[in-house]
Amino acid sequence: MRFSKYHGLGNDFIVADARGDEAWLPDPDAARRLCDRRFGVGADGVLYILPPRTPGAIATLRILNADGSEAEMCGNGLRCVARHLWEREPAVAGAAVLAIDTGAGRLSCTVQAGGDDPPSVTVDMGAARLARGEIPMTGPASERAIEIPIATPAGELAMTAVSMGNPHAVAFVDEAGAALRALAETVGPAIEHHVLFPNRINVELARLISRTEIELLVWERGCGITLACGTGACATAAAACATGRADPDSEITVHLLGGDLAVTVAPDLSRVTMRGPATHIYDATLANE
């Protein structure tokens, strides 16, 4: 079975084209074995390319995390799949905009290639949603959960819940660098599995550097500490705008462990765009056993 390996700022994936290849149909146990870094290929998740669900889309992206759980969306993964299709799909090679169906709906991607750098991919991520029912989160479905106190092993944190098609809980803290990572490792598992979030949740701990710059550490649902998270960067920028820490319609640079993403949020949160690289590592054939 053929596959390709990509990463978006160190968030690495196995890209498998499952169109017409039943050997690559999504399977939680297979995903766990493939993502194992000692006994498998090694990755944060498997990105399955499936036939499109809606007219005008070129494919459907289905995502299984390293633990076999399914993610509704993955910004870094979507950029990698957009590059893969843009370069290899004869029907759309070089197209200005690629529409890809995801668990968060149909999203548009634009690939900008040039020079020796990895191509940059801009994704229209759609709206940032803050209502509890859209996260999902317990409590009144239409109520926004903005800076609500949540008890953690490191003390109480004020969390803002945001859905970017997948769920995020964002807290702004003072820690930086190694201290920020240590805090994420301490509170990430507890918040991910908190009773408030019936489907578990991704956890973002952010330090505001300025109104256009954020340092971010992500505890990813089903993966743990991750080098980068595209939807997490978008959720954090949206939370910063919703709480008055950042300005809408201004590009916000989000510094992750693996590198930087550029995020812009509409004033009414109805549109979030994300720009960042998608790097191809290698193509390979997987032994049948």
Side-chain angles (χ1 to χ4, degrees), residues 1-8 11-93 95 98-109 111 121 123 125-126 136 163-167 198-200 202 220-224 226 229-231 278-289:
M1 299 183 292
R2 298 281 300 169
F3 71 93
S4 298
K5 186 81 183 289
Y6 285 83
H7 78 82
N11 193 193
D12 62 334
F13 306 98
I14 296 163
V15 175
D17 194 336
R19 295 172 295 181
D21 187 353
E22 292 188 0
W24 275 119
L25 290 180
D27 173 77
D29 183 60
R32 285 191 292 269
R33 289 184 284 112
L34 287 165
C35 291
D36 190 296
R37 297 191 183 277
R38 290 182 173 83
F39 296 99
V41 176
D44 289 326
V46 184
L47 308 177
Y48 295 94
I49 300 173
L50 298 165
R53 292 196 302 254
T54 63
I58 62 170
T60 294
L61 169 60
R62 190 170 173 190
I63 306 149
L64 265 63
N65 293 319
D67 69 350
S69 62
E70 185 162 1
E72 303 91 338
M73 237 300 284
C74 173
N76 288 324
L78 181 59
R79 293 201 317 276
C80 292
V81 166
R83 176 185 174 179
H84 183 85
L85 292 169
W86 187 78
E87 292 180 336
R88 305 186 191 209
E89 186 75 11
V92 297
L98 285 68
I100 299 174
D101 291 325
T102 75
R106 179 169 156 178
L107 300 176
S108 297
C109 307
V111 182
V121 182
V123 182
M125 300 287 290
S163 173
M164 291 303 310
N166 60 348
N199 292 346
R200 297 186 296 159
N202 300 289
E220 189 169 347
R221 177 183 59 169
C223 295
T226 187
C229 178
T231 55
T279 303
H280 175 243
I281 306 171
Y282 61 81
D283 298 318
T285 300
L286 189 69
N288 288 337
E289 64 266 25

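Starting from 1, each residue takes its place in the sequence as its number.
- Between Ile100 and the options Ile49, Val123, Val81, a side chain to side chain contact (heavy atoms under 4.5 Å, CB included) holds for only Val81.
- No donor-acceptor pair under 3.5 Å is formed between the side chain of Thr231 and the backbone N or O of Met164.
- Without hydrogens or angle criteria, Arg221 side chain to Asn199 main chain gives a donor-acceptor distance under 3.5 Å.
- Side-chain N or O atoms of Arg53 include one that pairs as donor or acceptor with a backbone N or O of Thr102 at under 3.5 Å.
- Note that CG of Leu98 and CH2 of Trp86 are 9.0 Å apart. Values are rounded to the nearest 0.5 Å.
- For the atom pair CG (Leu286) and CE (Met1), the distance works out to 4.5 Å, reported to the nearest 0.5 Å.
- With respect to the salt-bridge test (charged N to carboxylate O, under 4.0 angstrom), the residues Asp101 and Arg62 do not qualify.
- Every residue two or more places apart in sequence or in another chain that forms a side chain to side chain donor-acceptor pair (under 3.5 Å) with Arg19 is listed here: Asp17, Glu89.
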Show your working on side-chain contact (heavy atoms from CB on, under 4.5 Å) between Phe13 and Asn76 and close with a plain yes or no. CA-CA 9 Å; Phe13 306 98; Asn76 288 324; 3.9 Å; yes

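- Scored by the side chain to side chain donor-acceptor pair (under 3.5 Å) test, Arg32 finds no partners at all (sequence neighbours excluded).
- In terms of heavy-atom proximity, Val121 sits nearest to Ala278 at CG2-CB, 4.2 Å.
- With a 4.5 Å cut-off on side-chain heavy atoms, His280 and Arg83 count as touching.
- We find the CD1-NZ distance between Ile281 and Lys5 to be 4.5 Å, quoted to the nearest 0.5 Å.
- To the nearest 0.5 Å, atom NE2 of residue His84 and atom CG of residue Leu47 are 10.0 Å apart.
- For the pair Asn202 (side chain) and Pro167 (backbone), a donor-acceptor distance under 3.5 Å is present.
- Between Pro52 and Ala57 the shortest heavy-atom distance is CB-O, 3.5 Å.
- Checking side-chain atoms of Asn166 against main-chain N and O of Glu72 turns up no donor-acceptor pair under 3.5 Å.
- In this structure, Met73 and Ala104 approach most closely via the heavy-atom pair CG-CB, 3.4 Å.
- Within 6.0 Å of OH on Tyr282 lie more than 12 heavy atoms contributed by other residues, nucleotides or ligands.
- Closest heavy-atom contact between Gly68 and Pro28: O-CB, 3.5 Å.
- Although no hydrogens or angles enter the test, the distance criterion places no donor-acceptor pair under 3.5 Å between the side chain of Asn65 and the main chain of Asp67.
- To the nearest 0.5 angstrom, Leu85 atom CG is 9.0 Å from Cys109 atom SG.
- Closest of all the heavy-atom pairs between Ile63 and Cys74 is CD1-N, 3.5 Å.
- To the nearest 0.5 angstrom, Tyr6 atom OH is 15.0 Å from Asn11 atom CG.
- Side-chain atoms of Trp24 come within 3.5 Å of backbone N or O of Arg2 as a donor-acceptor pair.
- Between the Asp283 side chain and the Ser4 main chain, no donor and acceptor come within less than 3.5 Å of each other.
- When every heavy atom of Pro198 is checked against every heavy atom of Pro136, the shortest pair comes out as CD-O, 3.6 Å.
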